[in-house]
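Numbers here are sequence positions counted from 1. Keep in mind it's a predicted model, so treat the numbers as computed, not measured. Counting starts at 1 for both ligands and their atoms, in listed order.
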Amino acid sequence: MTLKLVKPSKKYLQAFLKAWDDYKQDTNRFKHVDITPLERALESNNVDGFFKQIENNERGINLPDGYVPSTTFWLMDDDDWVGSFSIRHQLTPKLEQMGGHIAVNISPKYRGKYSSFVGIKMCMVKAHKLGLKRVLMTCDENNRASFRAIMGLMKLYGGEQLPDTIVDGHGEHRVWVNTARK
Ligand SMILES: CC(C)(COP(=O)(O)OP(=O)(O)OC[C@H]1O[C@@H](n2cnc3c(N)ncnc32)[C@H](O)[C@@H]1OP(=O)(O)O)[C@@H](O)C(=O)NCCC(=O)NCCS
């Protein structure tokens, strides 16, 4: 695999659509959260609007209510769409409870291959450049893959696990991870 982070653009849409076919069969209950906006844009035939919004999100323009600026990257394996990573530039009280700094979504085909681990490591460099010395990573207590990836990162970079919060009736693990390697 030759993985690289790219800024989302129409150039990668065909690759995303291929991955999207796999998402449709996906039974993982944590699956869609961060890619629903693109699904909605496809349904309403407003893909240009989706890419414009991604640009705006980075610049803090026309943000939805309660949102902070965020930079989104797609992880590509040559011409294959691997996943999406959104780095929020700051936290809100809500993101401190659930969501944290980085949202991650890996296409079904690329899961269990350390794609999230490698992608988040690449995002650490970007987060550091954004001025974040550490990032808060959170996941549902039942999301074992996500938690293992987060704990693996904490081991590598250093950090601190916070007490879980209870959100919508489930426990949410929360871990600070430094953005520069130990
Ligand atoms: C959670 C998710 C991001 C993990 O991505 P991934 O690329 O499959 O994870 P990785 O291959 O990098 O593996 C990370 C760790 O999880 C473990 N893992 C991977 N899949 C697993 C699974 N299904 N069950 C338990 N552990 C799993 C790996 O062994 C590894 O742990 P280790 O270092 O102790 O061996 C991915 O499954 C996903 O996108 N899920 C849907 C969306 C989602 O849950 N996003 C995160 C919200 S917080």
Quiz item: Salt bridge or not for Lys10 and Asp48, using N-O below 4.0 Å?
Solution: yes
Quiz prompt | 4.0 Å heavy-atom contact, Thr138 with ligand 1 | solution = yes
Quiz item: Is the shortest distance from a heavy atom of Gly112 to ligand 1 less than 4.0 Å?
Solution: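 Gly112: in contact with ligand 1 (<4.0 Å).
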Exercise. Taking atom types as modelled, find out whether His89 and Thr71 have a side-chain donor-acceptor pair closer than 3.5 angstrom.
Key: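 Judged by distance alone, the side chains do pair up.
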Of the listed options [options], closest to [atom] (non-hydrogen atoms):
atom                    : options                        : answer
atom 33 (O) of ligand 1 : Phe147, Tyr114, Phe117         : Tyr114
atom 17 (C) of ligand 1 : Glu172, Arg148, His173         : Arg148
atom 14 (C) of ligand 1 : Ser84, Gly119, Ala149, Ser115  : Ala149
atom 4 (C) of ligand 1  : Ala103, Ser116, Gly100, Pro108 : Ser116

Quiz item: Quick one: CG on Asp164 to NE2 on His170, what's the gap to the nearest 0.5 Å?
Solution: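 Here the interatomic distance stands at 9.5 Å.
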Exercise. Quickly, which of Asn105, Thr72, Asn57 forms a side chain to side chain donor-acceptor pair (under 3.5 Å) with Ser86? Name it, please.
Key: Thr72
Self-check item: Met154, Met137, Gln161, His101 screened by side chain to side chain contact (heavy atoms under 4.5 Å, CB included) with Trp176, the one that passes
Solution: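 For Trp176, the side chain to side chain contact (heavy atoms under 4.5 Å, CB included) check succeeds only for His101.
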Practice problem: For the pair Asp26 and Arg111, evaluate salt bridge (Lys or Arg N to Asp or Glu O under 4.0 Å) and give the outcome as yes or no after the intermediate values. | Solution: CA-CA 11 Å; Asp26 187 16; Arg111 288 184 200 151; 3.1 Å; yes
Practice problem: Answer side chain, backbone, both or neither: which part of Met151 comes under 4.0 Å from ligand 1, heavy atoms only. | Solution: neither
